[in-house]
There are 4 protein chains.
Amino acid sequence: MEEISIKYDSAFKKKKGRYEEIIIAAGKIFSSKGFHRARVEEIAKEAGIGKGTVYEYFKSKRHLFVEVIKYFTTKFLKEFKEAACSGKDYREKLENALGLLIDILHESSGFFELLVRDRWEMDERLYQWMVKVRGEASKVIEDILAEGIKAGKIKDINPRIPAMILIESSRLALFSGDLGNEGMSPGGLKRAIIDVVLNGILR
Amino acid sequence: MEEISIKYDSAFKKKKGRYEEIIIAAGKIFSSKGFHRARVEEIAKEAGIGKGTVYEYFKSKRHLFVEVIKYFTTKFLKEFKEAACSGKDYREKLENALGLLIDILHESSGFFELLVRDRWEMDERLYQWMVKVRGEASKVIEDILAEGIKAGKIKDINPRIPAMILIESSRLALFSGDLGNEGMSPGGLKRAIIDVVLNGILR
Amino acid sequence: MEEISIKYDSAFKKKKGRYEEIIIAAGKIFSSKGFHRARVEEIAKEAGIGKGTVYEYFKSKRHLFVEVIKYFTTKFLKEFKEAACSGKDYREKLENALGLLIDILHESSGFFELLVRDRWEMDERLYQWMVKVRGEASKVIEDILAEGIKAGKIKDINPRIPAMILIESSRLALFSGDLGNEGMSPGGLKRAIIDVVLNGILR
Amino acid sequence: MEEISIKYDSAFKKKKGRYEEIIIAAGKIFSSKGFHRARVEEIAKEAGIGKGTVYEYFKSKRHLFVEVIKYFTTKFLKEFKEAACSGKDYREKLENALGLLIDILHESSGFFELLVRDRWEMDERLYQWMVKVRGEASKVIEDILAEGIKAGKIKDINPRIPAMILIESSRLALFSGDLGNEGMSPGGLKRAIIDVVLNGILR
DNA sequence: AATGAATGAGTCTTCATTCAT
DNA sequence: AATGAATGAAGACTCATTCAT
């Protein structure tokens, strides 16, 4: 299969494929080992190319790292925003957005830990980028909550804190399995979080 | 003052102080730079000793890292549990415990990011340790919530998820300033989180 | 003018021009950076061709270097010999030959430093080539001096040493500006050298 | 012998010996291969130490190179100035100074070619250093000639050009053997150069 | 013939760790 | 016990060269 598609692929790759291929391979390796333990040669191998080729596309390991972060966060934000639109009311939108976030965290936990973990690797510009991404993600949820407020379903409060609580709480998906919440599927986690934040736990 | 106590300290250090001093110095450096960027020599310098001496007390940089994690998490857990006892009812206890957690995250954000970030550096044993610490922290909050349930104040639900939401949400303290929640003091954040989780946001 | 001749040139180049163009481009780059710091890609760019094309004409960077040395030294020797013929007597010939040498050193100091500097890059054959070039240049001056001897103007000595002193002294043109002999034009330098060597400095 | 002196040596080395040992080893390797072809590991091996140790004493290969140049030129200048003082009159001083220069060029030709050859490797500061060294060497000869002028032995001219001619001509020592002036010993070369420059070659 | 994307051998450099003092 | 000079394994990065198009 690999063999069969070589010609088609290689014709395509020259244009933009290589760049993206390397990003994706690097995403895998960085996610599983972190910046420092990831070896450029290993990334190249994962991408099925030679070590030097990486440097044809990226100035340095650090630059590659930055592009990996940007690539995946951009991709995530796009999907997240789309999910946040697809629903008939604020409640459905909330479920869709949070569901997507939790699914992604659940599946790609490695990558999302990068965002916190390798904060040390970030220069100021990348750090500001991450702050912006975080802010945008928060805004997506805030807007949904604002819709709920407008519809009279939600208390008329500043939706920022609840929005951020919802997002932070989604991080629990990272620890499923490790923390005894076995049997807690992504879907179950989503419902539980929404339930707590919407209804509270007071009797 | 610093100067005055030096002699006393250095005489005393020979017994047990050195070990702890190194841990504390290493905590500072690891927190601010992460495992890989921290240099053993810098840690030694911070501790006011020679590089070789570090290896008299710790087998390797990795071993030192493990002990640093254990030292600070143990210290944290102890304080966290104490805070969770000091209050006349579940509500006060919750405020005290969460307040402490948020304060620590706010002050020592660098260190607590270690716990997530350098997950990659952990061998299985340290990872299990961290899982245990997380579990115990969760248990502390769960017990407080259970007290509230028993007192009839809180719905009769499994308190695990709310407990973990409370803990995860506390992480917002890590981003104060960066994320536009300026003006949100640790105290304000604590109250906001408790309010949302206890009462929910539905009208 | 440059533009106008491009088409003509490029049509012509296919035959022999390319080869020479590359040599000239390489001469520029090697002269300004030396062998090691010169990049094949940069040479290609300077020649207005692709990197791979260089290898169509030259087996390797080293081979190209050798040809560059040969090309320019041959060119220089030819001009040097011509200058050494153009004069009515030994004195005029000496002035013309030395004048040319000094002018070339003054203008293309970079290239002539190659000859010494990258001695390490030379394999035995190129080294012998350089020895031969040096010998021929010396011979040109020796012959002029011999003419002077024959004419009874110059002492009847072996002209080799004076010839080589004249040539070595011409190297001072390399340092004009750096060494405080500012204001010493190539012409002035030429006259000063000839004056000293012919007349000596004793009172 | 080597063995016998180990303790004495090693006690001494710790202070300043290592630094100088590395310089000397590096001088050997740089001289014989030039900057680029010299391998740090080979320099270390020549010095009888490990590769990493070089970096304990020198920040980088380039820094080491700079120090090598400075070390040997300083040493040369010192000896050159001393030789230029040791003589009863200008003539003896000239013979001593030029004799030393020619001997050194003859023996350590590799090193002195560095001075020209690796001009490309020099940053501006090192280049200025070399200009200064050249200027000082010239000044030494100029002063000797000035003494001759004062004594009425030499024409009352600016001694700079003759001084520089004497120095440049000494470079012929670099080519003894290669250029057919076989049998021309350093001593013979010295006398020939002085003779030509002092007396000139006109009949 | 011309190209430039791909390659990997070759090097500098870092830094955890050792060990003689 | 304490030290820091010495070490060398490990890894990022460069660039001459190749070769499919």
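Please read all numbers here as calculations on a predicted model, not as lab measurements. Lettering of chains follows the sequences in order, A, B, ..., and the numbering in each one begins at 1. Values below: every heavy atom of this structure, side chains too, minus hydrogens, waters and symmetry copies.
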Worksheet item: Roughly, in whole Å, what's the span from CD1 in C:Ile49 to P in E:dT3?
Response: 6 Å
Worksheet item: Under the salt bridge (Lys or Arg N to Asp or Glu O under 4.0 Å) rule, what pairs show up with a residue in residues 63-73 of chain B, not counting sequence neighbours?
Response: none
Worksheet item: What's the CD1-P distance between D:Ile29 and E:dT11, to the nearest Å?
Response: 14 Å
Worksheet item: Any side-chain N or O of C:Arg18 under 4.0 Å from OP1/OP2 of E:dA1?
Response: no
Worksheet entry | is_close_aromatic(D:Phe58, D:Tyr19), centroid dist under 6.0 Å | yes
Worksheet item: Do any pairs count as a salt bridge (Lys or Arg N to Asp or Glu O under 4.0 Å) and have a residue in residues 41-52 of chain B, sequence neighbours left out, and if so which ones?
Response: B:Lys28-B:Glu46, B:Lys33-B:Glu42, B:Glu41-B:Lys51
Fill in: Polar side-chain atom of C:Arg62 near backbone of C:Lys59 as donor-acceptor pair, under 3.5 Å
no
Worksheet entry | A:His63 NE2 to F:dC13 C1', straight-line distance once rounded to whole Å | 13 Å
Worksheet entry | Spacing between B:Glu42 atom CD and F:dG4 atom P, to the nearest angstrom | 16 Å
Worksheet item: So which heavy atom on A:Phe35 is nearest to which on A:Lys61, and how close?
Response: O-NZ, 2.9 Å
Item to complete: For D:Glu56, enumerate each residue passing the side-chain hydrogen bond (donor to acceptor under 3.5 Å, both in side chains) test, keeping only those at least two apart in sequence or located in another chain.
Response: none
Item to complete: Could you pull out all residues at least two apart from C:Thr74 that satisfy side-chain contact (heavy atoms from CB on, under 4.5 Å)?
Response: C:Trp129
Worksheet item: In Å, rounded to the nearest 0.5 Å, how long is the span from CZ of B:Phe65 to CD1 of B:Ile23?
Response: 11.5 Å
Worksheet item: What string of B, S and - do you get for nucleotides 13-20 of chain E, 5' to 3', if B is base contact, S is sugar-phosphate-only contact and - is no contact with any protein heavy atom under 4.0 Å?
Response: BBSSBB--
Worksheet entry | Secondary structure string for DNA chain E (Watson-Crick or G-U under 3.5 angstrom, | for other-strand pairs) | .||||||||||||||||||||
Worksheet entry | Side-chain N,O (A:Tyr57) to OP1/OP2 (E:dA5) below 4.0 Å | no
Worksheet item: Please give, in whole Å, the distance from F:dT14 P to A:Phe58 CZ?
Response: 15 Å
